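Treat the numbers as computed from the prediction; the structure is a model and nothing was measured.
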Amino acid sequence: QAGHDALAGVKLPDASLGSQTVLVAERALVNMYVARDRTKGAIVASVTHQPPYYNDWPRDGSFLMHAIDVAGAGVLPWATTRSEWYTTIQRQSLVPFSIISGVAPVDPDTGVKGFPAFAWEMNYYADGTIGGDIRFEIDNTALHLWAVVVHAAALANEDRKKFVTAVWPTFKNALDLLIRWRDPKSDLPALANEDDNLALTSTLHGATAVYAALVAGARLAQFHGDAVTAQAALARSMELQKAMVRKYFDAKAGLFIDGSARGIDNAGSTTRGDTAWLVWPARLLEPDDPRQEDQLVHDMTSSLRDLRGETEGSAYVMKTVVAAALLGKEKGSRAMAREAVQRLANIATPDTLHFGEVFVTVPSTGGGPPTFSERVATPHVWEGTLFYLSAMALSTPERFDPEIAAFPLPEMPSMTAVTPAGGCGACWAVGENARRTSWMSWVLAGAALAALVAVRIVRSSFARRRT
């Protein structure tokens with residue numbers, strides 16, 4: 001009852017989605033309340049000890065924070081407290097390889113091997129103790145930055161200024177890291193850990209998260225008055241977008257496909273999740289780019305097969321559902337997302353209305369429809385939150401992504417008519433900021449980026465001399 005009292009007045013899905021949908025969405029918020037440490041603001045992935053998910057993951061938490069922002073003013077302090085706690089737990093120095101952490105990445109600027117400063121760890125206990133042993137999940141750090149910007153935009157004026165002042169130092173350090181963590185040959189992110197995997201990789205999964213962080217970072221830096229960082233982040237995002245389309249868009253298939261090996265060994269590492277993030281939160285393509293809807297229809301077709309019981313089961317289908325619900329075409333993938341949400345509401349556990357990290361299809365022995373078994377870390381807070389977000393995207397999509405209106409992008413040049421190998425004309429621009437500008441803008445952008453890189457190299461060299 002305390003959870004329901006704390007959540008009084010939050011925004012819930014439209015009744016047209018069905019009473020079961022509303023109940024399951026409300027339960028997802030109650031589970032978040034239960035999973036939250038009231039002093040630090042940490043929100044654990046699940047209250048389960050087997051598997052040991054009673055930690056706060058930056059990646060999971062970024063979507064939980066967005067759900068808090070969508071839910072409304074009464075719970076906004078939850079995201080503020082968590083974000084301010086994160087300013088106290090960011091890694092502040094280079095960490096060398098250890099036997100339990102796997103191979104360390106090589107810094108693309110300095111050539112030093114180690115886990116870089118100014119990233120967040122795999123996960124944390126509520127007292128700030130490091131939980132997992134995977135030390136540089138680039139998507140963790142990137143998605144946290146994205147969520148911080150979204151939350152800042154959700155706050156009222158005075159609260160927003162106070163919040164940005166509190167988080168800016170650690171935010172900027174992490175943003176600088178992402179700007180420079182670049183493979184000079186491909187313009188994609190340099191090798192790092194991704195999605196709870198020990199292997200060092202650079203895939204669509206990490207790139208989508210980094211892209212979202214760079215664009216969001218450019219917005220917040222511009223708001224904060226740091227024009228150099230704003231332009232450097234936006235310039236890097238434009239470069240990365242071009243590289244992602246060149247690397248991952250298959251013109252023959254008409255789809256984004258990540259063909260790289262990632263050593264997938266956990267339920268969250270699903271390729272559909274990678275292409276879902278490409279749509280949202282990354283918003284890599286313009287809304288009217290037909291490739292976006294083609295991707296969503298393709299991915300939702302696969303997801304609905306899972307939800308209709310035509311496969312053995314699945315995991316994290318709601319990454320795709322929320323993207324389609326928010327940015328899909330009304331008579332296309334968004335209609336498919338509506339069916340998915342209503343099916344998911346009935347897949348949740350019938351008594352407690354929970355989701356696990358995965359669900360397994362259980363065929364009927366009497367010839368009737370299949371049932372579904374929720375498994376792994378039930379109640380899984382992120383899965384429940386993704387359901388809430390999916391239903392809310394169908395109900396009140398205007399509550400999503402407030403940073404787009406609140407924090408305009410800085411003036412920067414745009415690139416058009418990019419044609420990567422294999423085809424694809426007019427591939428890229430950066431949201432509403434695709435503009436024509438003078439050659440002088442290019443010069444200023446280049447100077448800003450060069451200055452930032454030079455500063456980082458000098459700092460790294462100084463650090464090596466001291467050790």
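- For W168, the ring-ring contact (aromatic ring centres under 6.0 Å, His included) test picks out F171, H224, with sequence neighbours left out.
- Scanning for side-chain hydrogen bond (donor to acceptor under 3.5 Å, both in side chains) contacts around W146 gives an empty result, with sequence neighbours left out.
- For S98, the side chain to side chain contact (heavy atoms under 4.5 Å, CB included) partners are I100, S101, not counting sequence neighbours.
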Check: residues 184-191 side-chain donor-acceptor pairs under 3.5 Å, at least two apart:
| from | atom 1 | to | atom 2 | distance (Å) |
| --- | --- | --- | --- | --- |
| S186 | OG | L188 | N | 3.1 |
| D187 | OD1 | R182 | NE | 3.3 |
| D187 | OD1 | R182 | NH2 | 2.7 |

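- Contacts of S333 classified as side-chain hydrogen bond (donor to acceptor under 3.5 Å, both in side chains), with partners at least two apart in sequence or in another chain: E293.
- By the 30° and 60° cut-offs, the orientation of the rings of F355 relative to F387 is tilted.
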Mind listing the side-chain donor-acceptor pairs of residues 148-159 below 3.5 Å, one per line with the distance, residues two or more places apart or on another chain?
| from | atom 1 | to | atom 2 | distance (Å) |
| --- | --- | --- | --- | --- |
| H151 | ND1 | D69 | OD1 | 2.7 |
| H151 | NE2 | T80 | N | 3.2 |
| H151 | NE2 | T80 | OG1 | 2.6 |

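- Residues passing the ring-ring contact (aromatic ring centres under 6.0 Å, His included) test with F223 are F407, sequence neighbours excluded.
- Applying the side-chain hydrogen bond (donor to acceptor under 3.5 Å, both in side chains) test to T165 and every residue at least two apart in sequence or in another chain returns nothing.
- For residues 136-145, every residue pair satisfying the side-chain hydrogen bond (donor to acceptor under 3.5 Å, both in side chains) rule, not counting sequence neighbours, is listed here: R59-E137, R59-D139, R59-N140, D139-H205.
- Between the side chain of R82 and the backbone N or O of L64 there is no donor-acceptor pair closer than 3.5 Å.
- Applying the side-chain hydrogen bond (donor to acceptor under 3.5 Å, both in side chains) rule to Y124 yields no partners; only residues at least two apart in sequence or on another chain are considered.
- Take F115 and apply the ring-ring contact (aromatic ring centres under 6.0 Å, His included) test, not counting sequence neighbours, and it matches no residue.
- Under the side chain to side chain contact (heavy atoms under 4.5 Å, CB included) criterion, T396 pairs with M392, E398, R399, not counting sequence neighbours.
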